[in-house]
There are 2 protein chains.
Amino acid sequence: MQSKQAVTILSALAQSSRLAVYRLLIEHAPDGLAASAIAQKLGLANATLSFHLKELSHAGLVASRQEGRFIYYSPVIAAMNDLIGYLTDHCCSQSARGCATGKAGCKPATATKPRSAAASKRRSA
Amino acid sequence: MQSKQAVTILSALAQSSRLAVYRLLIEHAPDGLAASAIAQKLGLANATLSFHLKELSHAGLVASRQEGRFIYYSPVIAAMNDLIGYLTDHCCSQSARGCATGKAGCKPATATKPRSAAASKRRSA
DNA sequence: CAAACAATTCTATCATTATGGAAATATCGA
DNA sequence: TCGATATTTCCATAATGATAGAATTGTTTG
């Protein structure tokens, strides 16, 4: 994942309403929710929600499908996964301490250990 | 980590200059770089860089220390780790498919498996 | 103290983002 | 086709963010 794309995804998530939408969709994965249901649950005006959904779609964080006269939005897990991979790589890479294990995210910086090779593997997961 | 703080950190990273600053600091962890060196390397005006550093500091992503007449900025790995933990949790939680293993980030959504308990452990790492 | 340097704050300006009412588009059921 | 419903687009407005010159603050060295 390139930095430009990372910025796009980060921007999409860096807004409380949109983060709330995304989290709500995660709760309802993999089927998702209709736009009206999202608007109702989060108390957003239709136009406002539509604006935010457009942002999330554009960033590739959500997908939509028409079903009857409803449009269902669902989260795209791969996009989030890519973002986490990007952050993990650039949090733990190079000379940075704090990425001792092959596990999850970064560890608090303490000792100097050989950097894990797991990060690059994880990218393609 | 609360959503509000997550939005703060995401916002701080959701800007290309700031993401570049953060990545540059990661390359130079744990000692960091002086503001002037950052500005020079990234081709940013001093005032502009100062503005971005303030954002990053406010989000807790970087720390600073004065050394002579230089101010050195260094990345706060724990903050990034918290963010990754937050995203991992809210990417993989509840009914969402796609978090089969206890490893790193999320997996592409496929099968339905018992959700890992590693996420909550990871939070406190 | 004064000069040189590092960095920040002040200030103004320009650009982008968020919000929601109103109109437009699309789908369904009668 | 018509009316009801779902959603988006259009539009104007308000709020926030980014940029950088100039002035300011703080530090070091002579």
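By convention in this document, chain letters (A, B, ...) are assigned in the order of the sequence lines, proteins followed by strands, and residues within each chain are numbered from 1.
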> Could you state the atom-to-atom distance from CD of A:Gln15 to P of D:dG17 in whole Å?
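These atoms are roughly 10 Å apart.
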> Rounded to whole angstroms, how far apart are CZ on A:Phe51 and C1' on C:dG20?
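Going from A:Phe51 (CZ) to C:dG20 (C1'), I get 12 Å.
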> Are A:Leu25 and B:Val7 in one and the same hydrophobic cluster, where Ile, Leu, Val, Met, Phe, Trp and Tyr link if side-chain heavy atoms are under 4.5 Å apart?
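Linked within one cluster.
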> Closest heavy-atom contact between B:Tyr86 and B:Met1?
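Minimum heavy-atom separation between B:Tyr86 and B:Met1: CD1-O, 3.5 Å.
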> A:Ser74 and A:Arg65: side-chain donor and acceptor closer than 3.5 Å?
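No pair is found: no donor N or O on one side chain lies under 3.5 Å from an acceptor on the other.
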> Do you know the tightest heavy-atom contact between A:Tyr73 and A:Ser64?
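Scanning both residues, the minimum pair turns out to be CE2-CB, 3.5 Å.
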> For DNA chain C, what residues of residues 54-71 of chain A have any heavy atom nearer than 4.0 Å?
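Output list: A:Gln66, A:Gly68, A:Arg69.
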> Heavy-atom nearest nucleotide on DNA chain C for A:Gly43 versus B:Ala47: which residue maps closer to 5'?
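The residue mapped nearer the 5' terminus is B:Ala47.
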> So, the side chain of A:Arg18 versus the backbone of A:Ser11: is there a donor-acceptor pair under 3.5 Å, distance only?
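Confirmed, A:Arg18 side chain pairs with A:Ser11 backbone.
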> Taking all non-hydrogen atoms of both residues, which atom of B:Leu44 and which atom of B:Ser17 are closest, and how far apart?
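Heavy atoms of B:Leu44 and B:Ser17 come nearest at CD2-OG, 3.9 Å.
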> Quick one: B:His52 NE2 to C:dA7 P, roughly how many Å, whole number?
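It works out to 16 Å between those atoms.
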> Remember a base hit wins even if backbone is also touched, and classify B:Ser36 as base, sugar-phosphate or nothing at under 4.0 Å, heavy atoms.
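Sugar-phosphate, backbone atoms only, no base.
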> Please report, rounded to the nearest Å, how far the P atom of D:dA6 is from the CG atom of A:Leu33.
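Answer to the nearest Å: 14 Å.
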> Write down the distance between CZ (B:Arg18) and C1' (D:dG17), rounded to a whole number of angstrom.
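Checked: the CZ to C1' distance equals 8 Å.
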> Report the distance from atom CG of B:Leu49 to atom P of C:dT9, rounded to the nearest whole Å.
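In whole Å, C:dT9 P and B:Leu49 CG are 12 Å from each other.
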> Can you tell me if the side-chain N/O atoms of B:Ser50 get under 4.0 Å from OP1 or OP2 in C:dT8?
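B:Ser50 to C:dT8 OP1/OP2: side-chain N or O found under 4.0 Å.
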> What does A:Ala39 touch in the nucleic acid at a heavy-atom separation under 4.0 angstrom: a base, only the sugar-phosphate, or nothing?
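Result for A:Ala39 = nothing.
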> To the nearest Å, how far apart are A:Leu53 CG and D:dT8 P?
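Going from CG in A:Leu53 over to P in D:dT8 covers 6 Å.
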> Count the heavy atoms of every other residue, nucleotide or ligand shown that sit under 6.0 Å from CD of A:Gln2, and state whether that count exceeds 12.
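Count not over threshold, so no.
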> B:Asn46 CG to D:dT24 P: how many Å, rounded?
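Taking atom P of D:dT24 as the reference, CG of B:Asn46 is at 17 Å.
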